[in-house]
Amino acid sequence: DLSDIGDYDLALNARKQGSGIDLGCFEHDASQVQCGIVWSPQASVAAGTTVTSKATGIDALNPTSWRWTVTDPSGVSTVYETKDVSFAPSLIGAYTVALHVTTAGGERDFTEDLEALTVLPKEVFVSLDGSSEEPYASWKTATTNIHDALRFATLGTTVYVDEGLFAVTNEIELADKITVCGVGRMSEVVLRRTDAVSHRIFHLNHLDAVVTNLTLTNGRIDNDELGNYGKGGGVMIDAGTLTDCLVVSNYNGGFYGSGCGIALQGAQGKVIRCAICHNKAASGYPYAGGIYMTAGTVENCLIYSNSCQDAGGVYVEGTGEGLIRNCTVVCNRAGNPPGGSNMTCGLWLANPNVAVENTIVRDNVHTVHQGTDKEQEWSDFHFGDKQSTKVSEAQVKNCCLSVTCGSGCVTDDPCFRSGWRIWAKSPCRDKGLPTLNDWARGTVDLDGKPRLVGYGVDMGCFENQSGGLQVIVR
C-alpha cells in the first residue's frame with residue numbers, strides 16, 4: 001500500500017508521473033527530455049579512426065532538422081547538419097559536442113548530457129632513449145615504461161617498442177583492437193616480469209588484438225586465492241594473435257595448472273610463427289610445458305625444450321575447434337621428479353575437434369618411461385584421451401611421428417640439421433598435405449622464408465629452401 005507515500009518527491013516534482021511510482025527519492029520528470037549520444041565504434045579511438053555519433057532519447061520530439069557542433073582540442077568547431085555525423089578526428093585530445101534540433105514545437109539545445117569523444121595517438125612509442133613526454137607519440141618523446149604507453153592506447157592504436165629490456169610489473173591485458181609491435185631484432189626487444197608477484201606477461205582478449213616481434217619472459221602464474229588452476233605462465237589467449245614472438249623461460253606454479261608458456265583457449269586465438277622454449281613447471285603438478293590448448297590455431301611454430309610434470313610440449317583437450325599446422329615439437333621433457341604419469345611428452349591430442357597437419361613431433365623424452373616398453377608410445381605423440389572424449393585418427397594428417405597415426409604419416413628419421421630445420425633429403429620434404437599448397441603460396445615459414453619451395457609443402461615449421469629441378473619447355 002503506497003497511499004501514504006505523498007504527492008511529491010524530494011525535488012517537489014509530482015510523485016507519480018507514469019504507470020507507477022519510481023524507485024528512489026526522485027521521480028523521473030517526464031516533461032524533461034534528456035539527450036544522450038552513442039559513439040560508434042566507441043567513445044575512445046585512435047586518431048584517424050572514423051567515428052559516427054548518434055543522438056538518443058529525443059525521437060519523441062520528432063526533430064525536423066539537426067545541427068551538430070563538434071569542437072576539437074584546439075578550439076576549432078565544425079558544424080554538421082545531418083541526423084548522424086561521421087568523421088575521422090586527427091587531433092589528440094577531447095572533442096566536445098553540442099546538438100541543436102528543430103521540432104514542430106520549437107527549437108532545443110542539448111550539451112550537458114552529451115558524452116565527449118576522446119582521441120588518443122594512432123602510434124605510441126616505447127624506448128629507453130625517449131624523453132617520456134605524454135602522450136608518447138614519437139620516438140623522441142617515447143616513454144620508457146610499457147604500462148605508461150598502454151594508458152594512451154585505444155581502438156586502432158599501435159604501440160611500438162624499441163630494442164631493450166622493459167619491466168612488466170603487472171599483467172598486460174589487450175581487450176581492444178590494439179597492436180603491440182617490437183621494432184628491431186625480436187631477441188633484443190624483451191618484456192620481462194621483474195617483480196616478485198606472480199602474473200603473466202600478456203592476456204589477449206580481443207579478436208583484433210595483436211602482439212608481434214617480442215621476447216616474452218619470466219612470466220609466472222599460480223592458482224588464485226579461490227583455488228582456480230593457473231593457466232598460461234607467459235601468455236593467455238582468449239582471442240587475438242600472437243605472432244613472430246619468442247616465448248621463453250616462463251613458469252606455471254599452479255597445482256594442476258596448465259600451460260607454462262601459453263594457454264590458448266579461444267577459437268579466435270592464434271599463435272603464428274612463434275618459438276616457445278624453456279618454459280617449465282615451477283612447482284606443483286602443472287601440465288603442458290609449452291602450450292595448453294582447448295581451441296584456436298597454432299601454425300608454423302617451434303615448440304622445444306619445455307619441461308613439465310605431464311605433457312612437456314603441447315596438451316590439447318576440451319571440445320573447441322582448432323588446428324595445429326606445420327609445427328615442430330622437439331626435445332621437450334615430461335615426468336620430472338617427484339614422479340610422473342602416463343601423459344605424453346611431445347603432443348597429446350585429446351580434443352575431437354582439433355586437427356593436426358604437417359607437423360613433426362620427434363625426439364621428446366618422457367623420463368618415467370625412458371628405457372621401458374612404453375617409451376615410444378608416450379615420448380612423442382599420444383592419440384588418446386583422459387576424459388573419454390571421442391577422438392579420431394582422421395584428425396591427424398601428414399605428420400612425422402614415432403608411431404603411425406592418421407593418414408600420410410611418416411615414421412622415418414626427419415633428418416634434422418641445425419635448429420631443427422630439415423635436410424633436402426628428409427622424408428618430410430614436400431610431404432605435407434597437397435591441398436595446402438594453395439594456402440602456402442604467398443606465406444612464409446618460421447624463418448620468414450617462402451613456405452612453398454619445391455613440389456609441395458614440407459612438414460614442420462621450416463621449409464627447406466633448396467630448389468628442385470625445373471624443366472622449361474618452349
*Asks:* Closer than 3.5 angstrom, by distance alone: can the side chain of Asn332 be matched with the main-chain N or O of Ala311 as a donor-acceptor pair?
*Replies:*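 No; judged by distance alone, with no hydrogens or angles, the pair does not exist.
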*Asks:* Under the 3.5 angstrom rule, does the side chain of Ser426 hit a backbone N or O of Pro414 as a donor-acceptor pair?
*Replies:*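 It does hold such a pair.
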*Asks:* Using 4.0 Å as the upper bound for N to carboxylate O, is an ion pair formed by Glu357 and Lys397?
*Replies:*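 Not counted as a salt bridge, because no side-chain N and carboxylate O are separated by less than 4.0 Å.
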*Asks:* Check Cys461 against Leu302 and note the closest heavy-atom contact, atom names and distance.
*Replies:* SG-CB, 3.8 Å
*Asks:* Indicate the atoms forming the closest heavy-atom contact of Arg417 with Ile422, along with that distance.
*Replies:* NE-O, 3.4 Å
*Asks:* Please output the side-chain donor-acceptor pairs of residues 166-174 that fall under 3.5 Å, not counting sequence neighbours, one pair per line with the distance.
*Replies:*
unit_1 : atom_1 : unit_2 : atom_2 : d
Thr169 : OG1    : His147 : NE2    : 3.4
Glu171 : OE1    : Arg200 : NH1    : 2.7

*Asks:* Decide yes or no for Trp420 and Leu446: does some side-chain heavy atom of the first lie under 4.5 Å from some side-chain heavy atom of the second?
*Replies:*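 Trp420 vs Leu446: side chains apart.
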*Asks:* Testing Ser127, Ser132, Pro135 one by one against Thr143 for a side-chain contact (heavy atoms from CB on, under 4.5 Å), which residue passes?
*Replies:* Ser132
*Asks:* Can you give me the closest heavy-atom contact between Arg151 and Glu134, atom names plus distance?
*Replies:*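 Minimum heavy-atom contact is NH2-OE2, 3.1 Å.
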*Asks:* What heavy-atom pair brings Asn213 and Gly182 nearest, and what distance separates the two atoms?
*Replies:*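 That closest heavy-atom pairing would be ND2-O, 2.8 Å.
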*Asks:* Are any of the side-chain heavy atoms of Cys409 and Thr411 separated by less than 4.5 Å?
*Replies:* yes
*Asks:* Among Thr359, Leu436, Val457, exactly one meets side-chain contact (heavy atoms from CB on, under 4.5 Å) together with Arg325. Which residue is that?
*Replies:*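 Result for side-chain contact (heavy atoms from CB on, under 4.5 Å) with Arg325: Leu436.
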*Asks:* In chain order, what residues pass the side chain to side chain contact (heavy atoms under 4.5 Å, CB included) check against Lys177, with sequence neighbours excluded?
*Replies:*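 Listed in chain order: Leu155, His206, Asp208.
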*Asks:* Show your working on side chain to side chain contact (heavy atoms under 4.5 Å, CB included) between Phe416 and Val330 and close with a plain yes or no.
*Replies:* CA-CA 11 Å; Phe416 287 128; Val330 289; 3.8 Å; yes
*Asks:* Looking at every non-hydrogen atom in both residues, tell me the closest pair between Cys260 and Ala281 and how far apart they are.
*Replies:* SG-N, 3.5 Å
*Asks:* Step by step, work out the side chain to side chain contact (heavy atoms under 4.5 Å, CB included) result for Ile360 and Cys428.
*Replies:* CA-CA 8 Å; Ile360 300 174; Cys428 300; 4.0 Å; yes
*Asks:* Do Ile201 and Arg192 come within less than 4.5 Å of each other through their side chains, counting heavy atoms only?
*Replies:* no
*Asks:* Is the shortest heavy-atom distance from the side chain of Val51 to the side chain of Pro41 under 4.5 Å?
*Replies:*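 Heavy-atom side-chain distance check passes, below 4.5 Å.
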*Asks:* Can you confirm whether Val356 sits close enough to Gln395 that some side-chain heavy atom of one is under 4.5 Å from a side-chain heavy atom of the other?
*Replies:* no
*Asks:* Could you list all the salt bridge (charged side-chain N to carboxylate O under 4.0 Å, His left out) pairs where at least one residue sits in residues 248-269, not counting sequence neighbours?
*Replies:* none
*Asks:* Measure from the side-chain N and O atoms of Glu463 to the backbone N and O of Val453, and report whether any donor-acceptor pair falls under 3.5 Å.
*Replies:*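 Side chain of Glu463 to backbone of Val453: a pair is present.
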*Asks:* Would you say the side-chain atoms of Asn464 pair up with the backbone N or O of Arg421, donor to acceptor, closer than 3.5 Å?
*Replies:*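 Checked: no pair found.
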*Asks:* Taking side chain as C-beta onward, heavy atoms only, is Lys140 less than 4.5 Å from Glu133?
*Replies:* no
*Asks:* Do the ring planes of Trp348 and Tyr315 sit parallel (below 30°), tilted (30 to 60°) or perpendicular (above 60°)?
*Replies:* perpendicular
*Asks:* Which distance, rounded to the nearest 0.5 Å, do you find between the CG of Leu242 and the CG of Leu214?
*Replies:* 8.5 Å
*Asks:* Which residues satisfy the ring-ring contact (aromatic ring centres under 6.0 Å, His included) test with Tyr136, sequence neighbours excluded?
*Replies:* Phe152
*Asks:* Any side-chain heavy atom of Ile324 within less than 4.5 Å of one from Leu347?
*Replies:* yes
*Asks:* Ignoring hydrogens and angles, tell me if any N or O in the side chain of Asp244 forms a donor-acceptor pair with the backbone of Thr212 under 3.5 Å.
*Replies:*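 Between the backbone of Thr212 and the side chain of Asp244 there is no qualifying donor-acceptor contact (under 3.5 Å).
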*Asks:* Might you work through the side chain to side chain donor-acceptor pair (under 3.5 Å) test for Ser74 and Asp72, ending with a clear yes or no?
*Replies:* CA-CA 5 Å; Ser74 70; Asp72 69 22; 2.7 Å; yes
*Asks:* Within this structure, what is the CZ-CZ distance for the pair Arg451 and Phe462, rounded to the nearest 0.5 Å?
*Replies:* 9.5 Å
*Asks:* Counting distance only, does the side-chain N/O of Asn364 pair as donor-acceptor with the main-chain N or O of Arg362 below 3.5 Å?
*Replies:* yes
*Asks:* If you round to the nearest 0.5 Å, how far is OH of Tyr95 from CZ of Phe87?
*Replies:*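 Between atom CZ of Phe87 and atom OH of Tyr95 there are 7.0 Å.
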*Asks:* Answer yes or no: is there a donor N or O on one side and an acceptor on the other, between the side chain of Ser258 and the main chain of Tyr287, under 3.5 Å?
*Replies:* no
*Asks:* If you measure from SG on Cys245 to CD1 on Ile276, what distance do you get to the nearest 0.5 Å?
*Replies:* 9.5 Å
*Asks:* For Val45 and Trp39: C-alpha separation, side-chain torsions, deciding distance, then whether side chain to side chain contact (heavy atoms under 4.5 Å, CB included) applies.
*Replies:* CA-CA 10 Å; Val45 297; Trp39 291 101; over 6 Å; no
*Asks:* When you measure from the side chain of Thr179 to the backbone N and O of Cys181, does any donor-acceptor pair fall under 3.5 Å?
*Replies:*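 No, Thr179 side chain to Cys181 backbone: no donor-acceptor pair under 3.5 Å.
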*Asks:* Between Asn279 and Asn250, is the side chain to side chain donor-acceptor pair (under 3.5 Å) condition met? List the steps.
*Replies:* CA-CA 5 Å; Asn279 303 285; Asn250 298 281; 3.1 Å; yes
*Asks:* Are Glu317 and Thr294 close enough that some pair of their side-chain heavy atoms sits under 4.5 Å apart?
*Replies:* yes
*Asks:* Distance alone, cut at 3.5 Å: any donor-acceptor contact between the side chains of Gln465 and Asp447?
*Replies:* no
*Asks:* Yes or no on side chain to side chain contact (heavy atoms under 4.5 Å, CB included) for Val235 and Leu204, after CA distance, side-chain angles and deciding distance?
*Replies:* CA-CA 8 Å; Val235 184; Leu204 278 63; 4.2 Å; yes
*Asks:* So, Thr52 versus Ser86: side-chain donor-acceptor pair below 3.5 Å or not?
*Replies:* yes
*Asks:* Among pairs that include at least one residue of residues 176-202, which meet ring-ring contact (aromatic ring centres under 6.0 Å, His included), considering only residues two or more places apart or in two chains?
*Replies:*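 Residue pairs passing ring-ring contact (aromatic ring centres under 6.0 Å, His included), neighbours aside: none found.
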*Asks:* Which heavy atom in Asp162 sits nearest to a heavy atom in Val189, and how many Å separate them?
*Replies:*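 The answer is O-CG1, 3.5 Å.
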*Asks:* Look up atom OH in Tyr292 and atom CD1 in Ile262, then write down how far apart they are to the nearest 0.5 Å.
*Replies:* 14.5 Å
*Asks:* Between the main-chain N or O of Ala424 and the side-chain N or O of Ser466, is there a donor-acceptor pair closer than 3.5 Å?
*Replies:*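 Such a contact is absent between Ser466 side chain and Ala424 backbone.
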*Asks:* What distance do Leu207 atom CG and Thr241 atom OG1 have between them, rounded to the nearest 0.5 Å?
*Replies:*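 Reported to 0.5 Å precision, the distance equals 7.5 Å.
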*Asks:* Donor-acceptor pairs under 3.5 angstrom involving side-chain atoms of residues 117-126: please list them, not counting sequence neighbours.
*Replies:*
none

*Asks:* Is it the case that the side chain of Asn398 and the backbone of Val410 share a donor-acceptor pair, with hydrogens and angles ignored and the cut-off at 3.5 Å?
*Replies:* no
